[in-house]
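In this chain, numbering begins with 1 at the start of the sequence shown. Atoms within a ligand are numbered from 1 in the order they appear, just like the ligands themselves.
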Amino acid sequence: MIRYTILLTCLLGAVSIAQTPASKEVDTVYPDAHALYLDLHEHPELSNHETQTAEKLAAHLRSAYDVTEHVGGTGVVAILKNGSGPTIMLRTELDALPVEEKTGLPYASKVHMKDDAGRDVPVMHACGHDLHMAAILGTAEIMAHSKNTWHGTLMLVGQPAEEGFGGAKVMINDGLFTRFPKPDVAVALHVGNTFPAGIVGVTPGVYNTNADSIRITIYGKGGHGASPNTTIDPIVIAARTILSLQSIVSREVKPGEMAIVTVGYIRAGTKNDIIPDQAEMGLTVRTYKQDVRKQILAAITRITKGEAAAAGAPREPLIDRYQGDDSVYNDPALAQRLRAPLEAALGKDNVVIAEPITTSEDFSYYVEEGVPGFYFSLGGGDPGKFAEAKASGNPLPSNHSPLFAPDLGPALHTGIAAEVAVLRNLLNTSADELHKLTAERSSH
Ligand SMILES: [Zn+2]
Ligand SMILES: [Zn+2]
């Protein structure tokens, strides 16, 4: 039964593939990429634990590429030198998420792992990084078999721990740009349901948000739940703080500026009749502009301290901004230039200009190292379901959802075709020309 369903899925995939303008050379590498996808999807691994994943990717690339493993943890670097020319990096992430898959697909993940806190959690490739790895394999095979179509150095990077752990930074600190050639341009894509499969979105300039992760610990005075007068209740302070924090975007930030303040968790207490002595909560803050980011971070500090003081808390709250990622900046000249090869490969109507998105990405670390970046969106939605969702106003599941399931055949085909088109264009340009083209990048 399972075999039959897989066969049916492949056949259905093949039907939709025939309708996409992907080239014949993608068809020749597609079976390998598809098989790797199914394997990775069924066997996901959490951030910083992508041991098997990295080994699989490295094993597939080793025949044609010079492969180094364990760069920044489980990171993989694969280099193919092909004469003089620029160095172009193409990156995929390796990690999956603590999400229980509910897609019902025949190759759905049933994996559980221990997370870093020792808890048993379900694991799923709910962000599509499996599709990115499969695409990079297809692209790697095409580039290795068509060395007469480009020259320079191709650098493929399998990066661990993208999901909030800054794996890009760890790879850089482990010599990504010193032990290996420093790229003239870095490229990556991300699949999502913002577009139907077959489409790619290009966003010149700011691609996504600055992301700040904040942990707040509020201190109170514990005691019996039936004697609240002898305590200072940190849960009540936390509740007031959360509501006050929600007034930052609505009352303090200029209308029209992109700003998000989300309290994603709150932890306090052990039992119904005990007032605990502290409460902890975790926030994410998303912005496009640096001045809005500063304004919000300052407001969070002011409000959190103010609420604790108003309640007579025995200590000031601890406000720990434990991670801050900058937004990914797409070099506008590069984005402009790469539209033409994408349109030639995918069809003019299948390349669209896309709005910046509200999620974040540690790809920004590569850009901060002075490497101009081109990060683009890959449509993942089944075109029929996408149209239905649009008509009903009920969007398809987003990345990180237990129901996230890209329309594999067309999305993977398009991803490979797009990556090859972008790489060939860049690898047919001299490093000098690329430097000139991207010289304005620092002005954002
Ligand atoms: Zn992702
Ligand atoms: Zn993600």
Side-chain angles (χ1 to χ4, degrees), residues 37 40-41 44-50 53-54 57 74-76 90-103 109 111 113 115-116 121-136 157-171 186-195 197 200-201 203 207-213 260 262 264 282 284-286 323 325-328 330 354 356-367 373-381 395-406 408 411-412 415 418-419:
Y37 176 88
L40 294 172
H41 191 86
E45 293 175 300
L46 289 174
S47 306
N48 287 320
H49 300 275
E50 313 91 334
T53 306
L57 188 65
T74 59
V76 177
L90 175 65
R91 175 273 221 159
T92 176
E93 320 86 328
L94 304 174
D95 53 337
L97 287 158
V99 172
E100 185 176 357
E101 178 155 4
K102 294 182 179 159
T103 60
S109 162
V111 170
M113 277 176 90
D115 70 7
D116 288 334
V121 290
V123 190
M124 173 190 177
H125 266 298
C127 203
H129 299 174
D130 46 358
L131 196 143
H132 304 167
M133 286 182 266
I136 228 174
V157 172
Q159 180 211 303
E162 185 279 327
E163 295 287 1
F165 298 89
K169 186 78 184 154
V170 181
M171 284 193 89
V187 178
L189 56 69
H190 208 300
V191 68
N193 281 334
T194 318
F195 300 111
V200 299
T203 310
Y207 170 81
N208 63 8
T209 59
N210 302 303
D212 293 286
S213 300
I260 298 169
T262 292
T284 189
V285 175
R286 305 295 169 103
Q323 183 147 357
D325 288 344
D326 287 348
S327 63
V328 172
N330 268 330
I357 59 170
T358 58
T359 54
S360 80
E361 237 302 335
D362 66 4
F363 188 80
S364 54
Y365 286 114
Y366 305 123
V367 179
F374 180 63
Y375 190 99
F376 62 104
S377 305
L378 176 68
L396 289 175
S398 59
N399 298 62
H400 294 202
S401 157
L403 299 172
F404 182 72
L408 179 57
L412 183 50
E419 284 179 350

- Message: At a cut-off of 2.8 Å, what protein N/O/S atoms sit near the Zn ion (ligand 2)?
- Response: Cys127 SG, Glu163 OE1, Glu163 OE2, His400 NE2
- Message: If the test is ring pair (Phe, Tyr, Trp, His ring centres under 6.0 Å), which one of His41, His125, His190 qualifies with His132?
- Response: His190
- Task: Fit a plane to each ring of Phe363 and Tyr366, take the angle between them on a 0 to 90° scale, and name the class: parallel (under 30°), tilted (30 to 60°) or perpendicular (over 60°).
- Result: perpendicular
- Check side chain to side chain contact (heavy atoms under 4.5 Å, CB included) between Asn210 and all other residues, then give those that pass, not counting sequence neighbours. Thr287, Gln290, Arg293, Asp326, Ser327
- Do side-chain atoms of Glu101 reach the backbone of Ser109 as a donor and acceptor pair under 3.5 angstrom? yes
- Item | Polar contact flag, side-chain donor to acceptor under 3.5 angstrom, Asp116-His49 | yes
- Verdict with supporting geometry, Thr359 and His400, side chain to side chain contact (heavy atoms under 4.5 Å, CB included): CA-CA 11 Å; Thr359 54; His400 294 202; over 6 Å; no
